[in-house]
Number of protein chains: 2
Amino acid sequence: MEGMRKEDVVMEQGHQHHQHSIERELECVSQVPIFQGLADDQMTSVAQVTRPIHADKGDAVFSTGEVSRTLYIVNTGQVRLYHLAEDGREQILRVLNPGDFIGEIALFTDEIHTSYAQATKTTELCTISRAALTDLITALPTLSMALLGALADRLKTAERQATLLAIPDALPRLAGYLLQISGHRAQLLELPMSKQDLAAYLGMTPESMSRKLRQLSKQGAIETVGRRQVRITNVDQLAEFAPE
Amino acid sequence: MEGMRKEDVVMEQGHQHHQHSIERELECVSQVPIFQGLADDQMTSVAQVTRPIHADKGDAVFSTGEVSRTLYIVNTGQVRLYHLAEDGREQILRVLNPGDFIGEIALFTDEIHTSYAQATKTTELCTISRAALTDLITALPTLSMALLGALADRLKTAERQATLLAIPDALPRLAGYLLQISGHRAQLLELPMSKQDLAAYLGMTPESMSRKLRQLSKQGAIETVGRRQVRITNVDQLAEFAPE
DNA sequence: CGCCAAGTTGATCGGTATCAAGTACGGTGG
DNA sequence: CCACCGTACTTGATACCGATCAACTTGGCG
């Protein structure tokens, strides 16, 4: 991760601004999956329109009501996206891990953000303005393809999520979710969010979540480890409870 | 990483159709929103790699298990996408109306279709192979942008759908859905699918759907008109039942 | 006009939300 | 390193909503 050869590229670009190096920007860009596959000089031109952002744990990256004209890409750390219901309950939309991005809708319309984005730990992001990104897209077909691929992937996830949520019973919803994030493999896995957030994400209450997890572990399909981990001990058993 | 070079598959495939007129293909292409904004000659090159497909009411466009290497765009008619649960119940994923497309995931991986696509009426589609489309994307930035926009839009819909489905009570789910497809406007609107399909789409039974619709109309928020239409008579009233 | 699928209505049952207490994990400070 | 504390999580009891099964009605297509 550290040993990137980027110094020579930085030099070539030095004339634009003064010697304010774009090293930090390049580091961000080079880490991000959608920019993999770009040549060094292409990466540099991306880095030039990138602006890094830092957010400490608990900080808001953006809030509801703000106008969205920027693409945010998580470099390190984690960001959670959520809605705030009028009763104060938070509905988790998605958790962004390194490489994930948000704001793609901003590319096409002056949309108002309908959710909050909050760092759950110390987080580094890079941002790209709409204008800069549209320029990049037209100039770099490789980037277009990468973006399309990432969007298609998220779409698939969202549609699978919707299919899960349409199931009326909580047990298959949970089982299906666990199977999905484990890749149908018996393993110890870290939950991407707290159990109460996960409960909301899966359309149930924390109480139901707890009961269903217990039920699954009594059946020998899983074990809960601490507060944030679940070990899948028997995939077939788990699949019994899942849909299809 | 190595730079990607585009192979000239477009020309090779286009060659085969060169003999007869591409009038039919052009008609399809010119109707489709994602191809709007292309110059005439660009549209022609798109048309050359397009293959029209006809499906009568009830016909399958593709089925679960088939390998997906094609983008399908609906020209006229309607296609419904659904999963088949083991108990035989159909879970509607999405309904494709003219201009909508499916198969974008096929562009990036040899994915197996996980759903069925069935025409609900006489339908004309155009199809584009993966190779041809990737070439088009690299050649036509306008098309890239249009595709990205369409995907971002679908993503937004899917995520909103997931948010709706996470609500445990049926009434706000239905109210939220109606508000959404009506654009928060009082108007007569055509349901995009049958009520029983809509019920599955919203994660409830046809019986519940019927009862909740009745409840909303007793409150004066809506009126049901025939089997496929709903008139929104009081948006504020409807919003009372919707989340947020 | 007649038929059949789609939709409605009713009665019952089960599952989950809710409310209310209790428990334990994991971070903080001593 | 350990004791402490707050919050996340768990457990229990009850009520309510929606799924289910069954019977009926209606719209709309041939």
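The analysis underlying the following values was restricted to heavy atoms, covering all of them including side chains, and did not include hydrogens, waters or symmetry mates.
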Legend entry - B:Gln229 CD - C:dG7 P separation (whole Å): 13 Å

Please tabulate, one pair per line, all N/O donor-acceptor pairs under 3.5 Å involving side-chain atoms of residues 189-200 of chain A, not counting sequence neighbours.
from, atom 1, to, atom 2, distance (Å)
A:Glu190, OE1, A:Gln229, NE2, 3.4
A:Ser194, OG, A:Asp197, N, 3.2
A:Asp197, OD1, A:Arg80, NH1, 3.3
A:Asp197, OD2, A:Arg80, NH1, 2.4

Inset, instruction - Quick one, give me the B/S/- string for nucleotides 16-26 of chain C, reading 5' to 3', where B means a protein heavy atom under 4.0 Å from the base and S means that only happens at the primed atoms, P, OP1 or OP2. - result: SSBB----BBS

Legend entry - Test salt bridge (Lys or Arg N to Asp or Glu O under 4.0 Å) applied to B:Arg24 - qualifying residues, sequence neighbours left out: B:Glu124

Inset, instruction - For A:Gly99 and A:Pro33, work out which heavy atoms get closest and say how close. - result: CA-CD, 3.5 Å

Inset, instruction - Name the orientation class of the two ring planes belonging to A:His113 and A:Phe62 (parallel below 30°, tilted from 30 to 60°, perpendicular beyond 60°). - result: parallel

Legend entry - chain B contact limits on DNA chain D, taken 5' to 3' with a cut-off of 4.0 angstrom to heavy atoms: D:dC17 to D:dG28

Inset, instruction - Could you state the atom-to-atom distance from CZ of B:Arg214 to C1' of C:dT9 in whole Å? - result: 9 Å

Legend entry - Positive for side-chain contact (heavy atoms from CB on, under 4.5 Å) with A:Ile222, one of A:Leu174, A:Val235, A:Asn234, A:Ile232: A:Ile232

Legend entry - Ionic contact status for B:Arg154 with A:Glu159, cut-off 4.0 Å: yes

Legend entry - Those residues that, when tested against A:Tyr116, pass ring-ring contact (aromatic ring centres under 6.0 Å, His included) (two or more places apart): A:Tyr82

Legend entry - Residues that B:Arg231 engages under salt bridge (Lys or Arg N to Asp or Glu O under 4.0 Å), provided they are two or more places apart: B:Glu223

